[in-house]
J.: 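Quick one: the structure is below, questions incoming.
Throughout, a chain's letter reflects where its sequence line sits, starting with A, and its residues are numbered from 1. Just so you know, these numbers use all the heavy atoms, side chains as well, and skip hydrogens, waters and symmetry mates.
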Amino acid sequence: MKRNVAIIGGGQTRHAARRHDVNQVELVNEAVRAALEDARMTMEEIDTVLLGNMEFFEGCHMTDCWMADGSGAYGKPGLKITTGGTVGATIVCAGAHHVASGLFDKVLCIGFEKQEEGDTGAILSGVAHPLYGRSMAGAAVGYFAMMATSYMAAWGAREIHSAMVAVKARQNARKNPYAHLKLDITIQDVLNSRMLAYPIRMLDMCPASNGACAMILADEKTARDRCEKPVWIRAMDSAHNEQFELDWRDVTTQKPIFSKVSAARLYRKLGVERPADYFDVFEIYEPATWAEMVWYENLGLCEPGEGFRMIEKGMTEIEGPIPVNPSGGVLSTNCIGASAMLRVWEAALQIRGDAGEHQVPKPVRRALTTAYGGTNWTVLMALSAAARD
Amino acid sequence: MGEKVAIVGVAQTVFRSARPEVNYGELAHEVISRVLTDTGLSIEEDIDNSISCSHDIWDGQTISNIGITDVIGGHLRNEEKMAMDGSTAVYYGTIGILSGEFRCTLLLAHTKMSQTRPNIVNNVAFDPIYSRRLGLDYTSAAALQATRYMRRYNITSEQTARVSVKNLKNARRNVHAMVKRDITVADVLKSPPLADPIRELDAAPDCDGAVAMILADETLAPRITDRPAWIRGIGACYDAHYLGDRDLSECMALERAAQRAYAMAGIQDPASEIDVVELGDVFSYQELLWTEGLGLCERGGGAGLLLSGTTQLDGRIPVNPSGGVLSGVPANVMGLNSAAEAARQVMGSAESHQVPTVGTAVAQGHSGFCGQHHCVIVLGNES
């Protein structure tokens, strides 16, 4: 990038299954106001507004146009990007491009979803190919069930391991005032929860949340003048995946897959050899428990087949050596268009030391975030407390 | 701009009312393969990232860039979709290259309007609480805008009809155009009414098609083509959503988008410095209103500009020499097509509808009803 880019503020809404107190515009506005307040900035100072959201999910076409009052875009340049579950991170990348281009100094990035106003399960079935795939579409649960059975068969993991991920996420969420599912649950509770598609149970899956996240990105001069604790975007990488390339379902595949390819490119940009040592905290997009263990392996935090051992040993707990999703992650809060941005914002809070009760109890200098969407797409982002690291 | 970005190649499908023999991925493949062949570029070796413009709701598929990930070169690579008019792909693609992250970007816009009923799609663009239940679509909203605009400035239906006459005549020279007709003002006024004062020949026909384009940075561009179309300025702006919050006879968002693009391009007097314009004339009155927003004349002067002959193919500032959207360009594709047509004018490759001596061309696109979001691109033959 031609200019360094910093996160100088951000905010999120209270996330919940029902937000009857706000409409979509007001929900977005709640996050925008929080971000402006955090950055001690007025809307007049913002140069451009970028919005990420999935139009089908709430049955609204051109949501960016409807949002113009609540997002602050009225009278300003801006655009809307839609890339599925990854879009929250894609919007942050777009924001970084805007700042780095030299054309904009202060960029407001917004991601949101108000899932209660649509039928996400039905809509996600529409991801499948209309001719070849839709009659057998299983939405997200079906895809992750295939990944999970492959994982169990290949590495010998058991349901108890996914239950450990489920408990970690919801117990962490109890420390996060904004999280949706703050559940005081045990492994037994997870194993007793309703089976959706073997081996995915109710508590193995993310909820359908309403919520929004907003972040303000700025150039180096603005960041140094205006922000006490800027968090710098050091590198980003995006990898999408062709619809019929389904090798990812076999966790032992030797073919290149989206997450490994993207991580390898990002690490090369930064010269990272041991990601578990280089990064102090991880905020990853895990729509299902099993996806979290697969992420550990694909990000290179452990050897292939060792992911379930990491959760077994408690290595990724808040106080563990490789904390993953101290916020409670997507398993606790999934407002799709905002979920990937929440990963970046929560990672920024950890670097600032402002995560409150779910702050990792060790010095945090660098963080890695992931996104997950479409037919296995991701956006990875590396953040740091230093602009030159 | 510190560094420059150029359009180095464009490809357009022929626009047709229906293309049932191809799905939208295959439609996209037609133009992507052609622009790669024309520029001699390889999608794997040369293209760093790709940006497409389309809408799930038009495509009938959730996260519809899934249907083009393969053909656009998105497998295991950087691919993004914008649910906006195609002009914004040029805008965002330019920003991406200026950021230093990318050097060569593939752009695409595709829509098959034949797959669905446009008035239903357009109705869900209205907010679900207050406006949607009124049954508004883009045509009925445009009728409100046309009425306000025409009454305020005493513009007649005969005058707006002359936009259709001019553009469909221009389309006769354009091999990609769908509707090429020698019509008269009387033909327009006799055509069936859609929503007063808009008649069938005042409105763009529904059609299927796609456009692809390649952007490159200043080092690569001259290696790819002898005549790159340099992007000298870009601008975009949102207006308010609710029709009652706007004076529909004005286009603040276009004025601001144009001001930004002109400031970047160093254009001080658009009326004398711009040689050709391609804009989003979804309805005939819009061409008049958008020429005002682009600063080619004063507010309310759009009809006078047309009647003076300035915007004719042989006038001082030809507007829509391609025939524009009125001759048939699909929704969402139109802004990228305008940019492609403006680029062809600058590159001197517009064939029979080429305007002589084009130094500076402007393309405009809009998203949302009554032009809620506008995007302006200034192109030039010199960097």
J.: Counting only heavy atoms closer than 4.5 Å, note whether B:Val71 contacts chain A via side chain, backbone, both or neither.
T.: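 Contact with chain A is absent: no heavy atom of B:Val71 under 4.5 Å.
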
J.: Could you tell me whether the side chain of B:Arg232 and the main chain of B:Lys4 form a donor-acceptor pair under 3.5 Å?
T.: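 A pair under 3.5 Å: no.
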
J.: Examine whether an atom of B:Phe126 lies under 4.5 Å from a heavy atom of chain A, and if so say whether it belongs to the side chain, the backbone or both; otherwise answer neither.
T.: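 Neither part, no heavy atoms under 4.5 Å.
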
J.: Based on non-hydrogen pairs under 4.5 Å, which of A:Thr90, A:Thr63, A:Thr82 is most in contact with chain B?
T.: A:Thr82

J.: Pick one of side chain, backbone, both or neither for B:Ala83, based on which atoms fall under 4.5 Å of a heavy atom in chain A.
T.: both

J.: At a heavy-atom separation under 4.5 Å, does B:Ile51 approach chain A through its side chain, its backbone, both, or neither?
T.: neither

J.: For each of A:Ala94, A:Ser262, A:Ala96, tally heavy-atom pairs with chain B at distances under 4.5 Å, and name the one with the top tally.
T.: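 So the answer, after comparing A:Ala94, A:Ser262, A:Ala96, is A:Ala94.
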
J.: Answer with side chain, backbone, both or neither: which region of B:Gln372 has an atom nearer than 4.5 Å to a non-hydrogen atom of chain A?
T.: side chain

J.: Would you say the ring centroid of A:His61 lies under 6.0 angstrom from that of A:Phe56?
T.: no

J.: For chain B, which of A:Gly374, A:Ala100, A:Gly75 has the most heavy-atom pairs under 4.5 Å?
T.: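 When all of A:Gly374, A:Ala100, A:Gly75 are compared, A:Gly75 has the most.
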
J.: For B:Lys81 and A:Ile81, indicate whether the former's side chain and the latter's backbone hold a donor-acceptor pair under 3.5 Å.
T.: no

J.: Given the options B:Glu101, B:Gln61, B:Met82, B:Met84, which has more heavy-atom pairs under 4.5 Å with chain A than any of the others?
T.: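 Most heavy-atom pairs within the cutoff with chain A belong to B:Gln61.
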
J.: Once you round to the nearest 0.5 Å, how far does CG of B:Asp48 lie from CD1 of B:Ile43?
T.: 11.5 Å

J.: Drop me the distance from B:Gln259's CD to B:Leu254's CG, to the nearest 0.5 angstrom.
T.: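 If we round to the nearest 0.5 Å, B:Gln259:CD and B:Leu254:CG are 9.5 Å apart.
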
J.: In a check of salt bridge (Lys or Arg N to Asp or Glu O under 4.0 Å) between A:Asp237 and each of A:Lys260, A:Arg268, A:Arg265, which one passes?
T.: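 Of the listed residues A:Lys260, A:Arg268, A:Arg265, the salt bridge (Lys or Arg N to Asp or Glu O under 4.0 Å) partner of A:Asp237 is A:Arg265.
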
J.: Counting heavy-atom pairs under 4.5 Å to chain B, which of A:Val25, A:Val5, A:Val127 comes out on top?
T.: A:Val127

J.: So which of B:Asp70, B:Leu76, B:Asn78, B:Ile95 has the largest heavy-atom pair count under 4.5 angstrom toward chain A?
T.: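 The residue among B:Asp70, B:Leu76, B:Asn78, B:Ile95 with the greatest pair count is B:Leu76.
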
J.: So, for A:Phe144 and A:Tyr372, is the gap between ring centers shorter than 6.0 Å?
T.: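 A:Phe144 vs A:Tyr372: aromatic centres under 6.0 Å.
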
J.: Do we see a donor-acceptor contact under 3.5 Å between the side chains of A:Glu113 and A:Asn53?
T.: yes

J.: Between B:Ser367 and A:Met62, which heavy-atom pair has the shortest distance, and what is it?
T.: CB-CE, 3.5 Å

J.: Under a 4.5 Å cutoff for heavy-atom pairs, which residue among A:Gly84, A:Gly373, A:Ala73 has the most contacts with chain B?
T.: A:Ala73

J.: Under 4.5 Å from any heavy atom of chain A, what part of B:Asp245 do you find: side chain, backbone, both or neither?
T.: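 For B:Asp245, side-chain heavy atoms alone lie under 4.5 Å from chain A.
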
J.: Report the option among B:Val121, B:Asn49, B:Ile97, B:Thr88 that has the most heavy-atom pairs separated by less than 4.5 Å from atoms of chain A.
T.: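 The option with the most such pairs is B:Val121.
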
J.: Measure A:Lys80 against the heavy atoms of chain B and call it side chain, backbone, both or neither at under 4.5 Å.
T.: both

J.: Based on non-hydrogen pairs under 4.5 Å, which of A:His98, A:Glu58, A:Met236, A:Gln24 is most in contact with chain B?
T.: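 Most heavy-atom pairs under 4.5 Å with chain B: A:His98.
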
J.: Can you say whether B:Ala240 sits under 4.5 Å from chain A via the side chain, the backbone, both, or neither, judging by heavy atoms?
T.: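 Both the backbone and the side chain of B:Ala240 come within 4.5 Å of chain A.
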
J.: Establish, from distance only, whether the side-chain atoms of A:Thr222 and A:Asp105 form a donor-acceptor pair under 3.5 Å.
T.: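 Looking only at side-chain atoms, A:Asp105 and A:Thr222 do not form any donor-acceptor pair under 3.5 Å.
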
J.: Centre-to-centre under 6.0 Å for A:His97 and A:Phe104, is that the case here?
T.: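 Between A:His97 and A:Phe104, the centre distance exceeds or equals 6.0 Å.
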
J.: If I measure from the heavy atoms of chain A, does B:Tyr91 come under 4.5 Å with its side chain, its backbone, both, or neither?
T.: side chain

J.: Does any backbone or side-chain atom of A:Met54 lie under 4.5 Å from a heavy atom of chain B? Answer side chain, backbone, both or neither.
T.: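 Only the side chain of A:Met54 comes within 4.5 Å of chain B.
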
